[in-house]
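One structure is given below, encoded as structure tokens.
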Amino acid sequence: MRKIYAIGIGAGDPEHLTVQAVDRLNRVDVFFVLDKGAAKADLVRLREDILARFVTRPGYRVVTAEDPARDRTPADYRAAVADWHALRTDVYERLIRDELADGQTGAFLVWGDPSLYDSTITLIEAVLARGTVAFDYEVVPGVSSISALVARHRTTMNQIGRAVQLTTGRRLATGWPPDTDDVLVLLDAHTTFDQFTDQGLLIYWGAYVGTPDEILLSGPLDAALAARIRAVRAEAREKHGWIMDTYLLRRPQ
């Protein structure tokens, strides 16, 4: 039977790889890489660098497929995501069925941790549900973007005995979560922290965390700091053609 690994490779630093991840990398016959286009070629290069550095097993192959485009301004967000996932499931199904022989092992190298705001596990399950190709799979955890963020800022995700919530910019825009003092925000293309300036919060923001392009900003969240983060973020996005950032908002005790 075919075997698939979903391997968390960390937030950008190759040294984020765990001993377990390196072990699984060296069991793989075929690595599957989804190409997101020239603007995000850095993400492909990082995966290639990881393989060159850590894989000692000879004879493995790397198969690249184009990642389907996604509607970034949909009228119906959930419907758009469902349509996108269906297209990506088609790609995953084809890769596993056509590029991996029975008895071989394949792997998807997942940015951060496969369990945190990533669709790899969902897509693998969707391929299995179709019943067109049989395989087993294993998930290998990785260092998440939020773990890397708080480590680089030398802080924690939560305060002692207090609740912490992980959410998206889209959900944060509807209001501060109740009974929560620390909010870790991912997938925020619209700098939603702007809504919370001058409320006595602290912000710990980071972009490209763990990579040579890492940017970190932190402090009391007032209008001046919010404007600085927006400017730095826009400049970085213009320079690189993409941005991957996250932040922690904290109501200090």
Side-chain angles (χ1 to χ4, degrees), residues 8 10-13 16 40 42-43 70 72-74 77-78 80-81 110-119 141-253:
D13 186 343
H16 285 169
K40 294 188 177 180
D42 292 345
L43 303 181
R70 173 184 165 188
R72 295 290 176 177
T73 57
Y77 174 76
R78 289 187 176 275
V81 170
V110 182
W111 194 273
D113 184 284
S115 69
L116 182 64
Y117 285 104
D118 183 84
S119 61
V143 175
S144 69
S145 60
I146 57 174
S147 295
L149 175 77
V150 295
R152 293 296 292 132
H153 279 292
R154 298 186 297 182
T155 188
T156 56
M157 294 188 193
N158 66 292
Q159 299 173 78
I160 296 174
R162 307 300 297 176
V164 59
Q165 183 167 131
L166 280 63
T167 191
T168 64
R170 183 183 297 272
R171 291 188 64 85
L172 182 63
T174 65
W176 186 268
D179 300 321
T180 301
D181 294 310
D182 294 272
V183 180
L184 287 147
V185 186
L186 303 94
L187 306 175
D188 185 7
H190 304 292
T191 62
T192 308
F193 54 78
D194 283 327
Q195 298 183 19
F196 301 94
T197 57
D198 301 319
Q199 293 190 24
L201 302 178
L202 300 175
I203 186 169
Y204 301 88
W205 177 86
Y208 316 107
V209 176
T211 76
D213 299 311
E214 178 180 273
I215 310 170
L216 300 171
L217 290 170
S218 64
L221 181 59
D222 56 17
L225 180 55
R228 184 183 176 201
I229 294 174
R230 284 199 311 275
V232 168
R233 188 182 189 280
E235 181 181 356
R237 184 181 181 88
E238 177 67 23
K239 177 181 178 181
H240 298 287
W242 64 281
I243 191 164
M244 191 175 294
D245 64 332
T246 187
Y247 56 91
L248 164 65
L249 291 178
R250 167 164 291 161
R251 179 183 292 119
Q253 294 299 297

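Side-chain atoms of Thr174 do not come within 3.5 Å of backbone N or O of Leu172 as any donor-acceptor pair. Within the 3.5 Å criterion, the main-chain N or O of Gln253 finds a donor-acceptor partner in the side chain of Gln159. Remark: the backbone N or O of Gly210 is paired with a side-chain donor or acceptor of Glu214 at under 3.5 angstrom. Looking only at distances, no side-chain donor or acceptor of Thr180 sits under 3.5 Å from a matching main-chain atom of Val164. Tyr247 places no side-chain N or O within donor-acceptor distance of the main-chain N or O of Asp188, the cut-off being under 3.5 Å.
The two residues Ala173 and Gln195 come nearest to each other via the heavy atoms O-OE1, 3.4 Å. The two residues Ala236 and Ile243 have their closest heavy-atom pair at CB-CD1, 4.3 Å. Residues Asp194 and Ala226 share a closest heavy-atom pair of OD1-CB, 3.4 Å. The nearest pair of heavy atoms linking Arg233 to Ala189 is NH2-CA, 3.8 Å. Taking all atoms of both residues into account, the shortest heavy-atom contact from Pro141 to Pro114 is CA-CD, 4.3 Å. The nearest pair of heavy atoms linking Ala11 to Ala148 is CB-CB, 3.9 Å.
Rounded to the nearest 0.5 angstrom, Leu217 CG and His153 NE2 are separated by 7.5 Å. Atom CG of Leu248 and atom CG of Leu184 lie 4.5 Å apart (nearest 0.5 Å). Distance check, rounded to the nearest 0.5 Å: CG of Asp245 to CD1 of Ile215 gives 9.0 Å. Put simply, CZ on Phe193 and CG on Leu201 are 12.0 Å apart, with the number rounded to the nearest 0.5 Å. The distance from atom CZ of Arg237 to atom CE of Met244, rounded to the nearest 0.5 Å, is 11.0 Å. Rounding to the nearest 0.5 Å places CG of Leu249 at 6.5 Å from CG of Leu221.
No more than 12 heavy atoms of other residues, nucleotides or ligands lie within 6.0 Å of CZ in Arg152, so this atom counts as exposed by the packing criterion. Other residues, nucleotides and ligands place no more than 12 heavy atoms under 6.0 Å from the CZ atom of Arg228. Asp198 CG: more than 12 foreign heavy atoms inside a 6.0 Å radius. With a 6.0 Å radius and a threshold of 12 heavy atoms from other residues, nucleotides or ligands, Glu235 has its CD atom at or below the threshold.
Each of Arg250, Gln165, Arg162 was compared with Asp182 under the side chain to side chain donor-acceptor pair (under 3.5 Å) criterion, and only Arg250 meets it.
Using a 4.5 Å heavy-atom cutoff, the side chains of Thr155 and Leu202 are not in contact. For the pair Val183/Thr167, a side-chain contact is recorded, criterion being any heavy-atom separation below 4.5 Å from C-beta on. A 4.5 Å side-chain heavy-atom check between Tyr117 and Thr168 finds at least one atom pair inside the cut-off. Taking 4.5 Å as the limit, every side-chain heavy atom of Arg170 sits out of range of all side-chain heavy atoms of Leu187.
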Inset, instruction - Go through the steps to decide whether Leu225 and Trp205 satisfy the test side chain to side chain contact (heavy atoms under 4.5 Å, CB included), and finish with yes or no. - result: CA-CA 11 Å; Leu225 180 55; Trp205 177 86; over 6 Å; no
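Side-chain atoms of Trp111 and Asp118 include no donor-acceptor pair closer than 3.5 Å.
Aromatic pair Tyr208/Trp242: ring centres closer than 6.0 Å.
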